[in-house]
Amino acid sequence: MPYVVAILMATGAFFASITFFVANPFGELFMASTAGPRPFQPADGNGLNPLLQYHSMVIHPPMLYLGYVGFAVPFAFAMAALITRQLGDNWIRTTRRWTMVPWMFLGTGILLGGRWAYSVLGWGGYWGWDPVENASLLPWLAGTAFLHSVMIQEKRGMLKVWNVVLIITTFFLCIFGTFLTRSGIVSSVHAFAQSNIGPFFAVFLGIVLLFSVSLLFLRVEFLKSENKLDSVVSRESGFLFNNWILLAAVFAVLWGTIFPIISKAVQGVTVTVGAPFFNKVAVPIGLLLLFLTGAGPLLAWRKTSFQSLRRNFTLPLAAAVVVGVALFLSGVRHFYAWMSLFLCAFVAVSILQEFFKGARTRQKTGGENFLRAIYNLTMRNTRRYGGYVVHLGIVLLFVGFAGQAFQAKTKGLMQDGDELRVKNYVLRGISVVSGDTPNYTFQKIRLAVSKDGQPLGTLEPDRRFYKASQQPTSHVAIRSSLAEDVYAVLAGQDPDTGKAIVEVFVNPLVAWVWIGGFVTFLGTLLAMVPSRVERQMAEMRQAQEAGVGVSDAL
Amino acid sequence: MNEVGSVGLIAALAFAAYGVVAGAMGGKLRSLRMVRSAERAAAAFFVMITLAIVALEIQILRDNFHNAYVAAHLCPTS
Amino acid sequence: MFVVAPLLAPEAAGEAGLPVDVTPLADLKRRRLVIYDNLQDLEFEYKAGKLAPGDYQALRRDYTAEAAQLMATSQDLEVATAEDSWIEREVAVRRARRNALPAPDYTCPKCGFENPLPVKFCGECGARIRPAKKQG
Amino acid sequence: MRSRLALVSLFAFATLALGAGRARAVDPPPTVDRIGERVMCLCGCVAILNHCPHQNCSMHEEMRATIQKAIAEGKDENAILQLLVQQYGVKVLAAPPAQGFDLAAWLLPGLGLAVGLALVVMIVRRWRKPGEIPATAAGGHDVDPKLLAAVEEEMKTSGMGIRK
């Protein structure tokens, strides 16, 4: 504990001094006058960036922030364990638990950010591969890698050095993310957060890296592996592949994010590395990861023979093939989307199979009814089954991502009575209203939506002009359903005809992104409930600590 | 209010610095009372940071535009 | 005040507050418990039909052997610790016995010189000396 | 051995399938929206042209007009992108062109993936080095029955392990 406190306080001291000396929020405004500076109080402020005046913005930054800050705790525990050489079981369990909390917050924060982008920015999507978005994704991916490989350490006593490396990487990427956001070295839509604290962060990053890596080198001998790999086809190697893919993703995203800087340094030209680049690079990696999400849990620890493989893979693969063929026949030709849905079916069935097989075994041996069996199964090992729920959430996320491929959009000039068609939807203008509030003036168009002739209600996208910042923004109107969202934006007013410019998107399956995020959140919560096995280990640890204490006192 | 916030920040910084030293020394000397002291310094750090945040928050809610941060990011109607 | 108070308090006994988790015996026990947990999982997965019988038997044998190996190391270590503590105890007993004996007196009965070391002949006059119990 | 083959072929299938996705891209005639996804809006919003969040953005309209005009002249997508680069500089492209130094941007993620895979394979091999498999795996057949009994006893008292 003492070193944990020391490390955390070192981080705290850094941020406190940055806040106090460099970017003090308590600076006061003064006006130059003949009698020296005079306190100055403007009548009105500049106002919050209108794009940020949205309800999920209240919770999105704190969530991300909790994530970023929270990753300091596992780092501090790891460093303290290295310093004291107490590299047994205690620190890794504490660290795992403390990684899940910030991991959950960071993930939720990222998702809420996507939700904000979707409902405010008005281009019909939720993820634009902006440098700052990437910066938040990086530690999340590295943290995911750690949460997986830590299981090998707990179960088999392997990969001990690697896990420390992952913790260091995750923490480093957290600070690096803050650095990217605040230093302005890459151009980003999040430029509103810029200030002149970049160089301090660079120095801090250097210190963190130097300190942690040299400490790791000094203690490497205490991190010997307890076991060897029995077979290439095993859960262990599944986790290795998982780590490989996740870190490749970290590398690819990091590379793309900092490439403009590298390019500027090497060839003197700042190139842009935007969404088209990341989509091309990240989609295959994401699909490989999705495949492993399903395949990994089907492999047994230590070694898996062909017979066992067949037992576990047959049903999920068959289900996936059925779904794949059905999709193809129903006209899905977009390869990545098809592949994604195909793999989603594979993973979903493999997870359900796990639950089903486990519950059936409990039914047979314990005579419990099915629901009771599922409950007991989950509570007996919350980590595993909570993890499966998280995987299910990831599947739903990918279902949502796949929907992006089938986006449809149109743009039209509208007035009362004009109609706009997109897919099998018809939008008809009812009225255009203008208004005024103290904060902004607005213009609103009411649209009657119908699908295949069936009326579905109205959508009311509006456009606001914020007085303080003199900035216009649009508020998107969304009619969401599990199958697809109708998403209408009032983009402006045509100067020639005076008609409203309306953009309409039909975004299939987007709702599943939010549902998947929520399921992931729930699964993480479930995995954090202490299970029976963990309680036993904790009891043993306490008894052992007491024993050590007594023997030392004697 | 700006004074309160600044004092909170500087106190937090002092506590953090003390926490680093006391924590490291407490661990090295295996001194339980020093460790306790470091833990309390961490708690005090947290309280001081909270104080600074509350000070800023009050200014935001009172639309005190004498504060540069509030003037840059707020307007009374939002 | 709040921060300084613990420094002024009397130092608590030893290091009980600083957790230690890597004593060799405790570590061996921890590793065995992990193996038992793995065995339990293995059994469950087999019953659930996730494992072919061949895999199950081989893995079960390996895990049990691993646990037995750890148990053997553990027992050896226990024996060694028991021996160590026996030696310590024996030394302590002897030391106590020695300290309990009054120190012998090597004063020369002939010349009266108080020899500082145990000797058979007096360092001053060379007369033979038999250790006597020191008085008063 | 068979199981390893099965896993490797599954992986190979997945990778190949992913690679195949790229070959299927066909070029439909250029539209403003399609090109608008591939270039940046230069009004300072740092967004893709189609995604510029600003209303009545001057740059936005100007760029779209340029693209519209080029399409009307019958230029194909690449030629239009060339034109935009000439007019606004290379930073207008949303992704770096795959040539010269910028090729590194495209190659390194793939290289990272490959190097990572090589590392994983190397680690697996090192772990599996023959003769370094712990004695337990080989000597699993003749375990001292006394030890076994002690193990079973501990299993029972710890409440874990196989319940008979």
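Letters A, B, ... mirror the listed sequences (proteins, then strands); counts begin at 1.
- Only the side chain of D:Ile48 comes within less than 4.5 Å of a heavy atom in chain A; its backbone stays farther off.
- A donor-acceptor contact shorter than 3.5 Å links the side chain of A:Trp244 to the backbone of D:Leu113.
- Of the two parts of A:Leu247, neither the backbone nor the side chain holds a non-hydrogen atom closer than 4.5 Å to a non-hydrogen atom of chain D.
- Counting non-hydrogen atoms of other residues, nucleotides and ligands closer than 6.0 Å to NZ of D:Lys91 gives a total of 12 or fewer.
- Minimum interatomic distance between A:Phe277 and D:Pro109 (heavy atoms only, all atoms of both residues): CZ-CG, 4.2 Å.
- Put simply, the side chain of D:Leu93 does not reach to within 4.5 Å of the side chain of A:Val271, judged on heavy atoms.
- No other option in D:Ala95, D:Gly89, D:Gly112 has as many heavy-atom pairs under 4.5 Å with chain A as D:Ala95.
- Of the two parts of A:Thr270, only the backbone, made up of N, CA, C and O, holds a non-hydrogen atom closer than 4.5 Å to a non-hydrogen atom of chain D.
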Candidate pair A:Thr272 and D:Val92, rule side-chain contact (heavy atoms from CB on, under 4.5 Å), full reasoning: CA-CA 7 Å; A:Thr272 316; D:Val92 74; over 6 Å; no

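- Contact of A:Val269 with chain D is made through the side chain alone, with heavy-atom distances under 4.5 Å.
- Side-chain contact check for D:Phe101 versus A:Ile262: some heavy-atom pair is nearer than 4.5 Å.
- Atoms CG and CD1, on A:Asn243 and D:Ile123 in that order, are 9.5 Å from each other to the nearest 0.5 Å.
- Contacts between D:Asp33 and chain A at a heavy-atom distance below 4.5 Å involve the side chain alone, from C-beta outward.
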Worked verdict on A:Phe259 versus D:Leu108 for side-chain contact (heavy atoms from CB on, under 4.5 Å): CA-CA 10 Å; A:Phe259 189 76; D:Leu108 243 76; over 6 Å; no

